[in-house]
Protein chains: 2
Amino acid sequence: MREFVTDHRQDLLDDLDAWLRIPGISAQPEHHGDVARSAEWFAEAARRTGFPTVEIWPTAGLPTVFAEWPSAEPDAPVVLVYGHHDVQPVDPLELWNTDPFDPTIDGDVLRARGASDDKGQLLFHLLGLRAHLAATGRDTPAVTLKLLIEGEEESGSPNFAGMLTERRARLDADIVVITDTGMVAPDVPSTVTGMRGLVVCTVTFHGPDMDLHSGVFGGAIPNPATAIARLAAALHDETGRVQVPGFYDDVLELTAEERDLFARVPVNDTEFLAVTHSRALAGESGFSTLERVGARPTAEVNGIGGGYQGSGGKTIVPSDAFVKLSFRLVANQDPRAITAAVEAFIAAHTPAGIEASVEWEGEGVAPCLVPLGTPAYEALTAAISEAFDGLPVLPTREGGSGPEAAIQTIIGAPLVFLGVGLPDDQIHAPNEKVTVSMLYKGAEAAGLLWGRVAALGRPGLRG
Amino acid sequence: MREFVTDHRQDLLDDLDAWLRIPGISAQPEHHGDVARSAEWFAEAARRTGFPTVEIWPTAGLPTVFAEWPSAEPDAPVVLVYGHHDVQPVDPLELWNTDPFDPTIDGDVLRARGASDDKGQLLFHLLGLRAHLAATGRDTPAVTLKLLIEGEEESGSPNFAGMLTERRARLDADIVVITDTGMVAPDVPSTVTGMRGLVVCTVTFHGPDMDLHSGVFGGAIPNPATAIARLAAALHDETGRVQVPGFYDDVLELTAEERDLFARVPVNDTEFLAVTHSRALAGESGFSTLERVGARPTAEVNGIGGGYQGSGGKTIVPSDAFVKLSFRLVANQDPRAITAAVEAFIAAHTPAGIEASVEWEGEGVAPCLVPLGTPAYEALTAAISEAFDGLPVLPTREGGSGPEAAIQTIIGAPLVFLGVGLPDDQIHAPNEKVTVSMLYKGAEAAGLLWGRVAALGRPGLRG
């Protein structure tokens with residue numbers, strides 16, 4: 001497996017160089033043509049790899065690529081690999097040291113927008129599949145392989161759940177492999193075992209129908225900016241615990257084993273401060289930094305505003321103020337229950353004379369959790385460990401939120417995460433890079449995984 | 001006195017019509033030529049009234065008009081009348097029902113920008129002085145009269161205190177009459193006996209050096225928007241009392257007599273809500289609305305901001321947040337002491353990992369208080385009462401802040417307030433008006449006041 005991957009490294013690099021030159025930025029309408037070209041490019045690469053069925057699925061937004069390569073084995077497990085071919089915007093362009101769409105290689109580092117998120121990772125799958133075929137001497141994979149490569153992930157996947165539902169029959173699978181995440185360090189292989197859910201809202205407080213002179217009237221009229229500040233301040237107590245009643249009711253607490261595994265992840269707080277350009281840690285008492293960002297729910301003020309915004313002073317009681325809040329959720333919190341709890345909390349913190357309105361962004365995203373120790377999890381971690389020369393594979397959790405929960409719910413198969421990004425990949429930021437040797441490890445792990453999944457068989461996979 | 005005023009009403013209206021056509025908006029550089037024309041217009045009107053000395057004093061900004069008419073009486077008291085000839089901007093113009101600089105009269109209401117604030121009130125002084133001369137058969141006033149008519153009051157009087165200091169000798173007076181305020185109602189004559197002081201600042205909290213992904217990092221890094229909200233929320237307790245330590249230390253509490261007089265002012269809360277377009281009252285427990293806005297110090301959030309300001313959501317931990325605060329002060333609070341107390345409060349509410357910076361707008365404005373029962377106060381209220389057919393004159397306080405404290409400090413003479421604006425004059429707002437019959441009362445009161453001040457004599461005035 002390793003020999004094949006090593007011998008064919010240049011194929012991966014050549015493909016990646018070509019694909020990365022297509023600026024498929026889904027958030028920018030002027031690049032939607034590029035997103036379509038990006039889909040075409042990957043479809044062609046899948047065909048070239050040998051997938052007999054390759055389709056481009058239009059959506060109400062941007063196209064998804066679907067590819068399928070049935071195994072010749074009767075009753076081979078069906079694997080669905082998820083990733084995305086669109087990329088983040090590149091602004092601010094002046095902070096890039098190189099052209100984001102002219103990939104450059106410097107030693108083990110390949111720099112370009114999308115190198116790590118997510119094009120590099122999808123291409124390791126194509127190389128891994130070729131390695132799997134070469135190493136096993138097969139004409140078809142040992143598993144039936146389906147690729148589902150979205151084109152709107154960087155724009156919040158607005159059409160994704162609908163498409164999953166609509167095309168459910170074609171997407172049936174026994175295991176889903178998510179390839180859009182990373183590992184702790186090059187010498188610390190790991191796999192994501194959870195992603196946080198999310199609900200997002202804007203709360204507006206309306207006070208007097210116009211800005212008032214704070215001298216003539218100040219001190220006698222409720223100030224919506226003060227009220228919104230009091231609402232935001234009330235979200236946490238002094239220990240960093242969220243004060244929305246019922247917020248923690250459904251939280252599945254970390255097991256002792258999980259906390260122990262978290263504690264082994266060699267991420268230190270100094271590094272965390274450096275990466276976040278921050279001067280102190282904060283958060284819920286009694287939890288480590290990794291637990292806080294991965295395994296604990298949060299309430300965060302994303303924006304606040306109201307009243308005078310210019311330079312100097314303007315002595316008014318403002319008419320309106322707003323706060324933009326997001327709540328990250330963990331298993332088994334339900335976005336609908338949290339939405340209701342937050343609504344009640346806002347109502348309880350709306351003073352007399354203030355009119356509150358709350359706007360939610362969609363229905364929220366459910367959290368997603370991969371249980372440790374299932375056959376699917378064991379197959380994944382064994383494959384990764386083998387690619388990393390026997391190193392143990394640690395479970396981690398991602399603090400962000402993605403379409404994974406929708407996949408888990410709609411497809412109804414066990415989920416695992418095979419991703420080889422690194423914390424310093426600067427995804428979503430200027431100077432995105434990928435560590436090329438990690439892509440080779442990914443190809444090897446993928447190639448190894450299909451044999452292990454096939455060996456488990458369909459009933460074995462489901463545990 | 002009344003007969004002369006009644007017979008010469010049209011003179012006041014004609015003058016006012018001419019002066020109001022000059023759009024002397026001091027805040028807008030394109031109108032600075034108009035402010036100069038406005039000064040020239042008033043200087044000419046003062047000359048026409050008989051003032052032998054009329055000068056236009058340039059400042060680093062916009063010009064002040066100074067006029068002086070010495071009494072022929074030896075040792076006549078010297079009166080300094082303060083007002084301003086500049087006006088507020090007129091935006092939003094679309095909310096005006098008539099052209100703001102084309103005065104219209106409808107019954108007892110004259111509508112134009114500056115009609116009440118402050119041109120109408122200055123013109124009642126010219127008519128009142130003529131009435132005083134006619135009624136007493138004198139060639140010179142019974143008091144030496146000085147008029148000091150500023151051109152930058154609506155822009156915060158940036159050059160006023162400097163000019164007072166520089167021209168101190170020319171401005172020497174035994175009593176200062178401020179004419180830039182109002183009364184409770186047409187049938188409730190009143191006089192202002194206090195104005196609040198003011199300190200204004202912008203507090204900025206800096207957290208991470210860039211906006212962070214609130215999924216990847218949220219829950220582990222101090223959020224400056226949350227911190228600024230907690231600072232703003234901490235300004236008041238549940239009873240509306242300001243929580244800055246030491247804030248109330250120097251407050252001169254209202255006497256029982258003052259509270260009794262305040263309680264007699266027939267302003268009701270329903271009207272207050274209508275004027276402020278608000279739905280509820282708020283403020284410091286244990287005080288009436290009038291006490292809250294006039295006689296109690298406040299802390300007010302004038303603006304708050306930070307993080308994402310656009311529509312929808314953006315899941316970040318913002319890098320920065322700010323709050324704009326103003327503190328209204330009452331006698332005997334010292335702006336410098338309050339500034340220091342607020343600085344300490346901010347420092348105490350700056351969490352670890354957050355860098356705070358505070359910018360103050362100038363050195364602040366001291367509060368100003370007119371003691372009840374002094375000879376100057378008694379002369380004023382007697383003159384007003386006579387003009388209002390014997391109605392009692394109630395003391396009130398203004399919540400706003402102006403150059404009065406500087407005048408009181410630098411000139412060092414007792415201050416009284418003779419102003420006939422009404423609460424519904426919409427000064428600083430669209431559709432400013434003045435009630436014309438109030439101007440006639442003002443003229444009568446001014447005419448009566450000079451005789452009473454003269455009768456007290458210089459030593460008598462000083463108490």
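Below, chain A is the first sequence line, B the second, and so on; all start at residue 1.
Salt-bridge formation is detected for the pair B:Arg296/B:Glu284: a Lys NZ or Arg NE/NH1/NH2 atom is positioned less than 4.0 Å from an Asp or Glu carboxylate oxygen.
Across B:Thr202, B:Val275, B:Ile221, the residue that shares the most heavy-atom pairs under 4.5 angstrom with chain A is B:Ile221. Looking only at heavy-atom pairs under 4.5 Å with chain A, the residue among B:Glu291, B:His428, B:His236 that has the most is B:His236. Comparing A:Gly283, A:Ser288, A:Pro208 by how many heavy-atom pairs each has under 4.5 Å with chain B, the most go to A:Pro208. Counting heavy-atom pairs closer than 4.5 Å to chain A, the top-ranked of the candidates B:Gly219, B:Gly310, B:Gly400 is B:Gly219. Across A:Val216, A:Leu198, A:Val200, the residue that shares the most heavy-atom pairs under 4.5 angstrom with chain B is A:Val216. Comparing A:Ser319, A:Gly303, A:Gly294, A:Ala282 by heavy-atom pairs within less than 4.5 Å of chain B, the highest count is held by A:Ala282. Of the residues considered (A:Asn302, A:Leu325, A:Leu290), A:Asn302 shows the highest number of contacts with chain B, using heavy-atom pairs under 4.5 Å. Contact tally against chain A (heavy-atom pairs below 4.5 Å) for B:Leu212, B:Thr298, B:Asp209, B:Thr289: the top residue is B:Asp209. The residue among A:Ile304, A:Val301, A:Val293, A:Val323 with the most heavy atom pairs within less than 4.5 Å of chain B is A:Ile304. Ranked by non-hydrogen atom pairs under 4.5 Å with chain B, the options A:Gly312, A:Gly307, A:Gly399 are led by A:Gly312. Counting heavy-atom pairs closer than 4.5 Å to chain A, the top residue among B:Ala321, B:Ser401, B:Ser278 is B:Ser278. When B:Gly218, B:Ala429, B:Pro318, B:Gly156 are compared by the number of non-hydrogen pairs under 4.5 Å with chain A, B:Gly218 comes out ahead.
Partners of A:Gln333 by side chain to side chain donor-acceptor pair (under 3.5 Å), not counting sequence neighbours: none found. Remark: B:Ser155 pairs with B:Ser26 by the side chain to side chain donor-acceptor pair (under 3.5 Å) rule, at least two apart or across chains.
For the pair A:Phe417/A:Glu398, no side-chain contact is recorded, criterion being any heavy-atom separation below 4.5 Å from C-beta on. At least one side-chain heavy atom of B:Glu300 sits under 4.5 Å from a side-chain heavy atom of A:Val317. Contact of the A:Leu369 side chain with the A:Arg397 side chain is registered, since non-hydrogen atoms from C-beta on lie closer than 4.5 Å. Under the 4.5 Å side-chain criterion, counting only non-hydrogen atoms from C-beta, A:Leu329 is not in contact with A:Arg196. A heavy-atom distance below 4.5 Å is not found between the side chains of B:Cys201 and B:Lys324. Here the side chains of B:Ser285 and B:Arg241 are not in contact, with every heavy-atom distance at 4.5 Å or above.
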With side chain to side chain donor-acceptor pair (under 3.5 Å) as the criterion, how do A:Asp237 and A:Gln243 come out once you've worked through the C-alpha distance, each side chain's angles and the decisive distance to 0.1 Å?
CA-CA 7 Å; A:Asp237 69 7; A:Gln243 296 298 294; 3.2 Å; yes
CA sep, side-chain torsions, deciding dist, call: B:Gln426, B:Glu432, side chain to side chain donor-acceptor pair (under 3.5 Å):
CA-CA 5 Å; B:Gln426 316 219 119; B:Glu432 178 175 351; over 6 Å; no
Atom pairs and distances, donor-acceptor, side-chain atoms in residues 351-359 of chain A, under 3.5 Å, two or more places apart:
| unit_1 | atom_1 | unit_2 | atom_2 | d |
| --- | --- | --- | --- | --- |
| A:Glu355 | OE2 | B:Arg279 | NE | 3.4 |

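Residue B:Phe272 touches chain A through its side chain alone, counting heavy-atom pairs closer than 4.5 Å. With a threshold of 4.5 angstrom between heavy atoms, B:Thr276 approaches chain A through its backbone and through its side chain. With a threshold of 4.5 angstrom between heavy atoms, A:Ser214 approaches chain B through its backbone and through its side chain. If you measure heavy-atom distances from B:Ser311 to chain A, the contacts under 4.5 Å come from the backbone alone. In this structure, the portions of B:Thr315 lying under 4.5 Å from any heavy atom of chain A include both its backbone and its side chain. Looking at B:Lys314, the atoms closer than 4.5 Å to chain A (heavy atoms on both sides) all sit in the backbone: N, CA, C or O. For B:Val242, no part sits under 4.5 Å from any heavy atom of chain A, backbone or side chain.
Minimum heavy-atom separation, A:Val199 to A:Gly364: CG1-CA, 4.0 Å.
Within residues 224-234 of chain A, the residues having any heavy atom under 4.5 Å from a heavy atom of chain B are, by residue number, A:Ala225, A:Thr226, A:Ala229, A:Arg230, A:Ala232, A:Ala233.
In the displayed structure, A:Glu363 atom CD is contacted under 6.0 Å by at most 12 heavy atoms of other residues, nucleotides or ligands.
With B:Val203 as reference, B:Ile346 is the one residue of B:Thr350, B:Val342, B:Ile346 to meet the side-chain contact (heavy atoms from CB on, under 4.5 Å) rule.
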